[in-house]
Amino acid sequence: MKLLQRILFISVLISLSLSTYSQKRAFKKADAAFTAGEYFAASEIYEKIYANLKSKSEKASVSYKIGECYRKTNNPRGAKKWYRKAISGKYNNPLATLYYADALKMLEYYEQAEQQYQEYSEMVPADILGPQGVKSCKDAVAWMKSPTRHDVEIMDALKSKATDYSPAFGASTSEIYFSSTRENTTGTSTDKISGQKFSDIFYIKKDRKGKWSEAVPVEGGINTDFDEGSPCIINGGATMYYTSCKPGKSTGRCKIYKSRKSSDSWGDPQLVELFADSSISVAHPAVTKDELTIYFVCDTLEGSGGKDIWVAKRASATSRWSKPVNMGSKINTKNNEEFPFIRDNGELYFASNGHQGMGGLDIFKAKKEGKSWTITNMKYPINSSKDDFGICYYENQKRGCFTSTRERSDNIYYFELPDMIFSMKGVIKDSKTGEIIEGVKIKLTGSNGTNKEITSSSDGTFRFKLKKSTSYKIVAVKDNFLITQAEETTAGLKVSKVFSIEMELISTNTEIDLPNIEYDLGKSKLRPE
């Protein structure tokens, strides 16, 4: 009997030892994947480990790591679930509360997110991200109630079940290049970071009837078995700068390349050398038309923190690039700034989750004033509670495309800022009879120098087109009637408006009854009564 008990005891010890060894090996494998940036693979291993844990503190620690995997792969629902578990398990790191708040904000739980940001502020009072998070929640609600004039709609022709992002116009608005992980990419393996296929650069074109072609990978030597994306097209669609990334632990796994188009095919890519140190990773090129300035993203050098936007210049299109310079604290924050785009008018657009935003990455406009930049959030509906990034304009037009995860996966959206239209329509009537008066001269003068005159039509109506930020005086004149005037202004208006006015003229051919006019004999001064 004692022998049997001893055998059972030894068996239990061996089983526990094997279980502990297996768990340690799983932890080591998960941690290695996480360190390598393979967050999708790491999350799968961590979740299996979590299911077998008994210790509350260990479960809280693993919950935080799983939350990190979901945060880094832009999955706010998963992040919310696991950060909440970490907090419930008393995980001793204030960042769990901050990232939980971020996830809540991305899911539009603004009131709950605001509470979590306030809690984080109490934990880390010196960190600006707490009060900034509180304000961002309030701003997001206000911006959604009062949206900008932008018209935004998803581009159905580009929509797929895969990840589609970073659009760029080709020779015209009828040609769009973009990054995608859809099935017909070049590679066949799965990216351990995202759990999807590696991305390629695709192309789509609209015919004369307005119908878009099927999206296909670009021809030539650009796409490989690994990631290609973030195209920047210049020279009338003849030159492309883009990012290519290879998986692995190397910090220099992402590089920027350049290719030229010949007929319908793209030539062999040329490496764009920005740093002498080949271990430095660079991505997301934005190049000016003259090819003398390039903006890009780098996260391995000293900067503001996270991913920063850098700039390099050169004397000619064939010269070497100057030593890159960090764009500084006006642009870059301790979080991430990515996907720069330089517009023809010099405005720089980029995505950030460090500036005041609605949630996730927001799109910002940077306008240079002197030697400094003024940063403006593009607000709703360009931005949403999810990730919004990769904006591009067509030349200096008020329309373009951008990427958003507002429908859970990355999709490409079209936007346009319609012109504000102001006009005035009026009618002239007799003040006593209410009858329509035709043939009235209507004079319009504006604070901008406008001076117009028209005549009311047979139905007594008149119309004027107005300019923005202008104050107007309208004067109605007709024989046998007293002059009448009115005033309107478009100053301060942020939406289009049609002013409707009704002007009444008093006829001078009618008798006017006056009350008794009393004054003392021989005097001109009226008596008090």
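Side chains included, hydrogens not; waters and symmetry mates left out as well; all remaining heavy atoms used.
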About how many Å separate OG of S166 and OH of Y177, when rounded to the nearest 0.5 Å?
15.5 Å

[Y] backbone acceptor or donor facing [X] side chain under 3.5 Å:
X    : Y    : answer
S447 : S471 : yes
T490 : S469 : yes
S43  : A41  : no
E347 : R343 : no
H355 : I331 : yes
S136 : G133 : yes

Just checking, any donor-acceptor pair under 3.5 angstrom between side chains of [X] and [Y]?
X    : Y    : answer
S279 : D277 : yes
E337 : S352 : yes
N75  : T73  : no
Y83  : R71  : yes
D31  : Y46  : yes
D102 : Y117 : yes
Y241 : E291 : yes

Please assess C245 against C254 for the test disulfide (SG to SG under 2.5 Å), listing each intermediate value before the final yes or no.
CA-CA 4 Å; C245 300; C254 289; 2.0 Å; yes

Should we say atom [atom1] of [X] is surrounded by more than 12 heavy atoms from elsewhere, each under 6.0 Å from it?
X    : atom1 : result
Y380 : OH    : no
K379 : NZ    : no
L493 : CG    : yes
K206 : NZ    : yes
N92  : CG    : no
K258 : NZ    : yes

Can you list the steps and then say if E183 with K197 is a side-chain contact (heavy atoms from CB on, under 4.5 Å)?
CA-CA 8 Å; E183 282 302 313; K197 296 190 70 176; 4.2 Å; yes

Dump the intermediate steps for side chain to side chain donor-acceptor pair (under 3.5 Å) on Q116 and T97, then the final yes or no.
CA-CA 6 Å; Q116 294 300 316; T97 300; 4.7 Å; no

Answer whether the closest heavy-atom distance between the side chains of [X] and [Y] falls below 4.5 Å.
X    : Y    : value
K24  : K28  : no
Y109 : K80  : yes
L292 : K313 : no
F27  : I45  : no
K105 : C137 : yes
N377 : Q356 : no
Y120 : L95  : yes
E395 : F169 : no

Heavy-atom closest contact ([X] atom, [Y] atom, distance):
X    : Y    : value
N353 : L361 : N-CD2, 3.7 Å
D225 : F198 : O-CD1, 3.5 Å
D362 : G359 : OD1-O, 3.4 Å
S160 : N411 : O-OD1, 4.0 Å
D227 : S199 : OD1-N, 2.6 Å
R182 : A215 : NH1-CB, 3.4 Å

Check the pair D410, T405 against side-chain contact (heavy atoms from CB on, under 4.5 Å), reporting the backbone distance first and the verdict last.
CA-CA 4 Å; D410 288 350; T405 61; 2.3 Å; yes

Tell me whether the rings of Y349 and F341 are parallel (<30°), tilted (30 to 60°) or perpendicular (>60°).
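Because their plane-to-plane angle lies in the 30° to 60° range, the rings of Y349 and F341 count as tilted.
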
Can E114 and V134 be said to form a side-chain contact (heavy atoms from CB on, under 4.5 Å), step by step?
CA-CA 5 Å; E114 188 176 331; V134 171; 3.8 Å; yes

Pick one: which of Y70, Y91, W82 meets ring pair (Phe, Tyr, Trp, His ring centres under 6.0 Å) with Y64?
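Exactly one option meets the ring pair (Phe, Tyr, Trp, His ring centres under 6.0 Å) with Y64, and it is Y91.
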
Mind checking ring pair (Phe, Tyr, Trp, His ring centres under 6.0 Å) for Y472 and listing every partner two or more places apart, or none if nothing turns up?
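Here no residue qualifies.
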
Would you kindly check if the NZ (Lys) or CZ (Arg) of K59 is within the cone defined by 45 degrees around the ring axis of Y50 and under 6.0 Å from the six-membered ring centre?
yes

When the aromatic ring centroids of F402 and Y393 are compared, is their separation below 6.0 Å?
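Not under 6.0 Å, so no.
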
Assess the pair Y39 and F34: is the distance between their ring centroids shorter than 6.0 Å?
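Between F34 and Y39, which both carry aromatic rings, the centre distance is below 6.0 Å.
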
Test side chain to side chain donor-acceptor pair (under 3.5 Å) on D200 and T186; report intermediate values, then the result.
CA-CA 7 Å; D200 273 356; T186 304; 2.7 Å; yes

Passes side-chain contact (heavy atoms from CB on, under 4.5 Å), C401 versus I176? Steps please.
CA-CA 9 Å; C401 300; I176 296 178; 4.1 Å; yes

Taking I342 as the fixed residue, which of T293, V287, V311, L348 is the one that meets the side-chain contact (heavy atoms from CB on, under 4.5 Å) rule?
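It is L348, the one option of T293, V287, V311, L348 that forms the side-chain contact (heavy atoms from CB on, under 4.5 Å) with I342.
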
